[in-house]
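Here's the structure we're looking at; comments come further down.
Computation of the quantities below employed the complete heavy-atom set of this structure, encompassing side-chain atoms and omitting hydrogens, waters and symmetry-equivalent molecules. Keep in mind the model is a prediction, meaning the values are calculated, not measured.
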Amino acid sequence: MIDPATVTECLHSFCKSCIVKHLQTKQTCPQCSILIHETAPMQYVGYDLTLQSIINKIVPGLVDRESQCLNEFYASRGLSVPQNGKQLSTYYSINQNGISFQRKVWRMILRMMATLGSTNRCQNLTLS
């Protein structure tokens, strides 16, 4: 799975491109059919940093291979790789006080933690 995305309503995870394609025609989770949102389901699907980290550890060299494939894709079309590509550092930063998340990621984390009933674990998380 490349660029895993998690539905915050039910916590099912999918390949980002797969869930985006699915949500072009439906507003429900492909796994459990729960309504994600009637008008803006993509706002309730977020990049899953934890799952991506796990995948990267389970599949050694995945990041390098995907980066190489991306470079080859753009090179074969005579294009340069976009500089605004998804990089983990654009979503969070680690500092001496803990982890700082972008506002969008922070809201997703809070929704997920509220769903799981574990909001008291946010002591070292700050909004950037």
Side-chain angles (χ1 to χ4, degrees):
M1 183 183 310
I2 306 301
D3 290 334
T6 298
V7 177
T8 58
E9 297 301 307
C10 59
L11 302 180
H12 286 121
S13 297
F14 307 93
C15 169
K16 175 83 177 206
S17 60
C18 297
I19 190 69
V20 167
K21 185 176 179 179
H22 173 80
L23 293 176
Q24 289 174 347
T25 58
K26 299 176 182 163
Q27 290 81 30
T28 58
C29 172
Q31 182 72 33
C32 67
S33 299
I34 189 173
L35 179 65
I36 298 171
H37 192 272
E38 290 180 15
T39 58
M42 278 306 298
Q43 289 184 358
Y44 295 87
V45 175
Y47 185 64
D48 194 325
L49 296 169
T50 303
L51 184 54
Q52 184 66 62
S53 176
I54 292 167
I55 291 169
N56 291 345
K57 288 177 180 158
I58 292 173
V59 185
L62 177 66
V63 174
D64 294 334
R65 287 194 307 269
E66 284 302 312
S67 179
Q68 182 180 359
C69 287
L70 183 68
N71 290 334
E72 289 172 5
F73 172 83
Y74 282 99
S76 70
R77 287 156 178 79
L79 303 169
S80 60
V81 178
Q83 295 303 311
N84 62 352
K86 218 175 263 183
Q87 298 174 359
L88 294 181
S89 61
T90 62
Y91 295 103
Y92 73 94
S93 63
I94 300 173
N95 56 44
Q96 61 200 22
N97 298 322
I99 301 174
S100 296
F101 291 93
Q102 278 185 352
R103 191 173 305 272
K104 175 181 169 181
V105 176
W106 179 249
R107 283 192 295 256
M108 182 187 76
I109 290 169
L110 289 179
R111 279 195 303 266
M112 289 172 67
M113 293 180 87
T115 301
L116 298 172
S118 57
T119 54
N120 61 344
R121 296 182 187 165
C122 294
Q123 296 152 345
N124 291 332
L125 304 178
T126 59
L127 181 62
S128 61

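- Note that the OG1 atom of Thr8 and the CD atom of Gln43 stand 10.0 Å from one another [nearest 0.5 Å].
- Side-chain atoms of Cys29 and Glu9, non-hydrogen and from C-beta on, never get closer than 4.5 Å to each other.
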Test side chain to side chain donor-acceptor pair (under 3.5 Å) on Asp64 and Gln68 and set out the steps.
CA-CA 6 Å; Asp64 294 334; Gln68 182 180 359; over 6 Å; no
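- Taking 4.5 Å as the limit, some side-chain heavy atom of Pro4 sits within range of a side-chain heavy atom of Tyr47.
- No path of Ile, Leu, Val, Met, Phe, Trp and Tyr side chains, each step under 4.5 Å between heavy atoms, connects Val7 with Leu35, placing them in separate hydrophobic clusters.
- Annotation: the span from Ser13 atom OG to Leu51 atom CG amounts to 5.0 Å, rounded to 0.5 Å.
- Each of Ile55, Leu62, Asn56, Ile54 was scored for a side chain to side chain contact (heavy atoms under 4.5 Å, CB included) with Ile58, with one residue passing: Ile54.
- In this structure, Ala5 and Val45 approach most closely via the heavy-atom pair CB-CG1, 3.6 Å.
- Ile34 and Ile19 fall into different hydrophobic clusters, where Ile, Leu, Val, Met, Phe, Trp and Tyr are joined by side-chain heavy atoms under 4.5 Å apart, directly or via other members.
- The side-chain contact (heavy atoms from CB on, under 4.5 Å) test applied to Leu79 returns Tyr74, Arg77, not counting sequence neighbours.
- Distance check, rounded to the nearest 0.5 Å: CG of Leu23 to OG1 of Thr28 gives 7.5 Å.
- Under a cut-off of 6.0 angstrom, the local environment of CD in Glu38 is sparse, with at most 12 non-hydrogen atoms contributed by other residues, nucleotides or ligands.
- In this structure the side chain of Thr39 never reaches within 4.5 angstrom of the side chain of Gln27, judged on heavy atoms.
- Atoms NZ and CD, on Lys16 and Gln52 in that order, are 12.0 Å from each other to the nearest 0.5 Å.
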